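All values derive from a computational prediction rather than experimental measurement. Chain A is the first sequence line, chain B the second, and so forth, proteins listed ahead of strands; every chain is numbered from 1.
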Protein chains: 4
Amino acid sequence: MPKTPAKMLTSNAAARSKRVARARGPSPDKTAQTKASIVRAALAEFLDKGFADATIASVAQRAGVAKGTPYRYFATKEALFAGVVQQELVGALGDILEERRERDESVQAFLRRTLLITLGEIERKGRAAIARLVIVEGVRFPALVEIYRREMFDPVLDQIKRLAPVARRRGELPDDRLIRHPHLLIAPVWMGILNNQLIDRDHPIDIAALFEAQLELMFSGEARR
Amino acid sequence: MPKTPAKMLTSNAAARSKRVARARGPSPDKTAQTKASIVRAALAEFLDKGFADATIASVAQRAGVAKGTPYRYFATKEALFAGVVQQELVGALGDILEERRERDESVQAFLRRTLLITLGEIERKGRAAIARLVIVEGVRFPALVEIYRREMFDPVLDQIKRLAPVARRRGELPDDRLIRHPHLLIAPVWMGILNNQLIDRDHPIDIAALFEAQLELMFSGEARR
Amino acid sequence: MPKTPAKMLTSNAAARSKRVARARGPSPDKTAQTKASIVRAALAEFLDKGFADATIASVAQRAGVAKGTPYRYFATKEALFAGVVQQELVGALGDILEERRERDESVQAFLRRTLLITLGEIERKGRAAIARLVIVEGVRFPALVEIYRREMFDPVLDQIKRLAPVARRRGELPDDRLIRHPHLLIAPVWMGILNNQLIDRDHPIDIAALFEAQLELMFSGEARR
Amino acid sequence: MPKTPAKMLTSNAAARSKRVARARGPSPDKTAQTKASIVRAALAEFLDKGFADATIASVAQRAGVAKGTPYRYFATKEALFAGVVQQELVGALGDILEERRERDESVQAFLRRTLLITLGEIERKGRAAIARLVIVEGVRFPALVEIYRREMFDPVLDQIKRLAPVARRRGELPDDRLIRHPHLLIAPVWMGILNNQLIDRDHPIDIAALFEAQLELMFSGEARR
DNA sequence: GATGAATGAGAGTTCATTCAT
DNA sequence: GATGAATGAACTCTCATTCAT
C-alpha cells in the first residue's frame with residue numbers, strides 16, 4: 001500500500017506523544033500494521049465477493065489474523081465494510097478541487113488538465129472498483145452512497161456548474177447546453193466505469209479518450225473546427 | 001427460453017381438458033398461474049432486497065404458496081433469480097430493433113423516434129430497476145450480465161455503429177466522433193439510470209432530455225445553430 | 001410424560017377440525033410430537049444446566065432433532081426458556097383454588113387438606129425444581145417471576161389472607177399473628193424447597209411435616225395442647 | 001483463606017519498604033490495593049449480572065485496570081467468582097457464634113438478641129444479595145454452596161439444635177416442636193430473603209418482624225398470652 | 001507486575017434445500 | 001403438484017484466556 005509510509009509517520013508521531021502514558025504493553029506499531037492488513041484484506045474481499053458473500057473468516061485469513069481479530073477494530077461486518085470503503089473515499093478527490101485555473105487558461109484546458117489526470121489515477125488505482133462497490137452495495141448502505149455523492153460526485157458536478165457560466169462568458173461554449181445539463185460532461189466517465197467494471201470487462205473502453213471527446217464536443221474546441 | 005413451447009402446449013392441453021373435467025385433478029391452468037405468481041413475487045423480492053437478502057420463504061409468501069413450491073419451478077435460488085431476470089430481459093428490446101428507418105427520415109430523427117420512446121418505457125416500467133439489479137448482482141451472475149449485454153446493451157450499440165457511417169455520409173454529422181466513440185451517445189442514458197436509481201434518488205434527472213441534448217450535440221441539429 | 005395422552009387427544013381433535021384445510025402435507029401429529037419432545041428436552045436441559053449453560057444444540061440432541069428445529073417453535077433461546085417454564089407454571093395450581101371449604105370444616109382442616117395434598121404433588125412432580133429454576137433465573141427473566149408470583153405465589157398468599165380472619169372469628173386462632181404475617185404459614189414450604197433443592201440435597205427435609213407443624217403452631221390445634 | 005497470612009506479610013513488608021524506597025519499583029501496597037479493587041469490582045459485577053453474563057473485561061474496567069490484570073490474582077473467571085464470594089462468606093457470621101448466653105438470660109431473649117441484630121446487618125449490608133448469588137449460581141458452584149452451608153446455614157441451625165433442648169428444660173417451650181423441626185425458626189428469614197430479593201422486590205416484607213413473630217410463636221412468650 | 005492486542009473455541013441464529021405426506 | 005416440517009451447513013459475534021512488550 002503506497003500510503004503506508006505516511007501512515008507509519010503518523011503512527012510514529014502518535015507513539016512518541018503517547019510514550020509517557022504507554023511505557024508498557026503491545027507495540028502501537030504492530031497494532032497499526034494489524035489494522036492496516038485487516039483493512040487491506042477486507043477491501044480485497046469485498047471487491048472480490050461483494051458484501052453479502054464476503055465472510056469475516058476469509059478477511060481474517062487474508063490478513064493473516066485470527067477470526068475474532070477484525071472485531072477489535074470494527075464492531076460488525078457492516079462497520080468493517082463502511083469503514084473500509086469510507087476510508088478509500090474520503091479525501092480521494094482532494095487534489096482536483098484544490099487546483100485553481102491559471103490566468104489566461106481556458107476553462108476547457110483547465111478541465112482537461114485536472115479531470116483527465118484524475119481519470120488516469122482513477123483507473124490506475126482501484127478507484128473505479130471502489131466506485132463500483134459503492135454503487136453495487138448502495139441499496140444496503142445508503143450512508144455510503146451519500147458519502148460518495150458528497151465527497152466525489154457532487155464536488156465534480158459543482159465544479160462544472162460553477163465553471164460552465166464562466167466558459168460561456170469567455171466564448172468557449174456555443175450554447176447553454178452544459179449549463180442546463182452539467183451531467184453531460186461526466187456521463188462518459190460513468191459510461192466507461194460501467195462498461196469496464198461491470199458490463200464488458202473483456203473489452204474495456206478508453207475512458208480518458210471518451211471524456212476528452214465529450215469535452216471537445218461540448219466546447220467549440222479546435223478539434224471541432 | 002426453451003420451456004416456452006412446452007408451456008404453451010401444456011396451456012393448450014389445459015384449455016382443452018378444462019371443458020371436459022374441471023372438478024377433478026390438478027389444473028394445468030392453475031399451475032401456470034402459480035408459476036406466474038412466483039415469478040412476479042420473486043422479481044419484487046429481488047428488487048426490494050437484492051439477491052443475498054431475498055429469501056425463498058418470503059418469495060413464497062408473497063406468491064401465496066408454500067415454501068417448497070418455488071422449487072417445483074426453479075431448482076435453486078440462483079436459478080430462480082436468473083430465470084426471473086432473464087425473462088424480463090429477453091425480448092424487452094424487441095420492438096426497437098424491428099423499427100426501420102423510413103425513406104427520407106434522417107438518422108437523427110430515427111434515433112430520436114426509436115430510442116426516446118424506448119427510454120420513456122424504460123422509466124415508466126421497471127426496466128431501469130432491472131438494469132440496476134443486473135448491474136448490482138453482476139459479480140455473482142456473470143451469465144446474466146452477458147445476457148444483458150447481448151440482449152440489450154450490444155444491440156443498441158451495434159445499431160449506433162451501423163447508423164453512424166450512414167449519418168456521416170448523409171452529412172448529419174460534423175465529424176467522425178460518433179463513429180469512433182459510439183458509447184458517447186448512450187452515455188447520458190446510463191448517467192441517468194445511475195443517478196436516478198442509485199446515486200441521488202431524491203433528485204432524479206430527466207433522462208430523455210439528457211439524451212436528446214446529447215443527440216443534438218453530436219448531430220449538427222438545428223438547436224446547435 | 002404423563003400428560004401425553006391428554007395432549008394427543010387435543011391434537012387429534014385439532015387435526016380433525018383442520019382436516020378440510022390440510023388434506024396434504026406433514027402430519028400434525030408428528031409436529032405435535034416434535035414440539036413436545038423439544039419442550040421436554042429443553043426443560044431437562046435448563047434444569048440440568050441453568051439458562052446460561054444450556055445450549056440449543058444440546059436441547060436438539062436430547063430431543064433427537066436437528067440443531068435448527070427448535071427454532072421452528074421458539075424464536076430464540078430466551079423464548080424457548082420462557083415458553084417451557086411458563087407452560088409448566090400456568091394452571092399448575094388450578095385445582096387447589098377451586099377447592100371450597102365444606103360446611104363445618106375448620107379453616108385449619110381445610111388448609112391441611114388442600115395445601116398438604118398440593119405439597120405432595122409439588123414434590124412428587126418436578127414442581128419444586130421448576131420453582132427453583134424460576135427463582136434462579138429470575139434476575140434475567142423478571143417476566144417469568146411475575147408469572148410465577150401471579151399464578152402460584154400470590155394466589156396461595158391471598159387464600160391465606162382471606163381465610164385468616166375467618167379462622168380468627170371461628171376461634172381457631174389465638175391471636176392476630178397470621179393476619180399480620182400471612183407469609184409465616186408458607187415460610188416452611190419455601191424453607192423446604194430451598195433446603196432440598198439448593199442447600200442440602202443430600203439431607204432433604206420433610207416439607208409436608210414442616211408445614212403441618214407450622215400449621216398446628218399457628219392454629220391452636222389439639223396438637224398444641 | 002490460606003492466602004490471608006501471606007497477604008498480611010506482604011502488606012507489612014510493603015509498609016516497611018515504603019519508608020525506604022517509595023519512588024522506585026513496584027509498590028506492594030499498590031498491589032494489595034489493586035487486588036482489593038478487583039475483588040470489589042468483581043463482586044459488584046457478579047451481583048449485577050450473575051456469573052454467566054459477567055465479563056472479565058467489565059470487571060477490569062470497573063476496577064480501573066487492564067483486561068489481563070485480574071488474571072494475576074485469579075487464574076480463571078470461576079476462581080474469581082469463587083474467591084470473591086467465598087471471601088464475603090467466610091467469617092461473616094463470626095460474631096454471632098462467639099456470643100454467649102448470659103446467666104439468667106432466657107434462650108428466647110438470647111436468640112432475639114443475637115439473631116435479630118444479625119438480621120439487621122444482613123439486610124443493611126449486601127449479605128442478602130450474597131445469599132441470593134450463592135443460591136442462584138449454586139448449580140454451577142456446588143463447592144460454594146457447601147461453604148455457605150458450612151459457614152452460615154449449618155452453624156445457625158446447629159445453634160438452634162443446641163439451644164432448643166435447653167429452652168425446653170427451662171420451660172420456655174410448650175412442646176418439642178422446635179427440637180423436632182429446628183428449620184422452623186429460620187424459615188421466616190429465608191421466606192423474607194426470597195420475597196425481597198427475588199419474588200417481589202417492590203413489596204419487601206419486614207424480615208426482622210417476621211422472625212420475631214415466629215420466635216414468639218414457638219416460644220410461649222408474653223405476646224402469646 | 002501490568003498491559004491490551006490477539007487468539008480461537010463455541011454459541012445463537014438463518015435459511016436454502018429436501019422429502020414424507 | 002403442493003405442502004411445510006425438518007435438516008444442517010455456514011455465518012456472525014462473544015469473550016475467557018494467553019503472552020509479547
note = Per atom distances to the D:R72 side chain, the nearest of F:dC13, F:dA2, E:dG1 is E:dG1
inquiry  = Categorize B:A79 for me: base, sugar-phosphate, or nothing, with a 4.0 angstrom heavy-atom threshold over every strand shown.
reply    = nothing
query = With respect to the side chain of B:A66, which nucleotide from F:dT7, F:dT3, F:dT12 is positioned closest?
reply = F:dT3
task = Indicate, with a heavy-atom threshold strictly under 4.0 Å, whether B:A52 touches base, sugar-phosphate, or nothing.
result = nothing
key: Mate of E:dA20 where both pairing distances stay under 3.5 Å, Watson-Crick or G-U   = F:dT3
request  = Could you pick out which residue, B:G68 or A:A54, lies toward the 5' side of DNA chain F when each is mapped onto its nearest nucleotide?
outcome  = B:G68
message = Students often get this wrong, so: under 4.0 angstrom with heavy atoms, is D:T55 touching a base, only sugar-phosphate, or nothing?
response = sugar-phosphate
key: Of D:G64 and A:V65, the one whose closest DNA chain E nucleotide lies more 5'   = D:G64
inquiry  = Please determine whether any donor N or O and acceptor N or O are separated by less than 3.5 Å between the side chain of A:K67 and the base of E:dG10.
reply    = yes
Distance test, side-chain N/O of C:T34 to OP1/OP2 of F:dA6, below 4.0 Å = yes
request  = Examine E:dT7: is either OP1 or OP2 under 4.0 Å from a nitrogen or oxygen in the side chain of A:T69? Give yes or no.
outcome  = yes
inquiry  = Please compare C:Y73 and A:F51 by the position of their nearest nucleotide in DNA chain F and report the one closer to 5'.
reply    = C:Y73
ask   = Contact class for A:A63 vs. all strands (heavy atom < 4.0 Å): base, sugar-phosphate, or nothing?
value = nothing
Residue C:I56, side-chain atoms from C-beta onward, closest of E:dT7, E:dG12, F:dT7 = E:dG12
task = Quick one: label D:K77 by what it contacts on the DNA or RNA (base, sugar-phosphate, nothing), any heavy atom closer than 4.0 Å.
result = sugar-phosphate
query = Taking the side chain of A:Y71 as its heavy atoms from C-beta onward, which of F:dT14, F:dT7, E:dT3 lies nearest to it?
reply = F:dT14
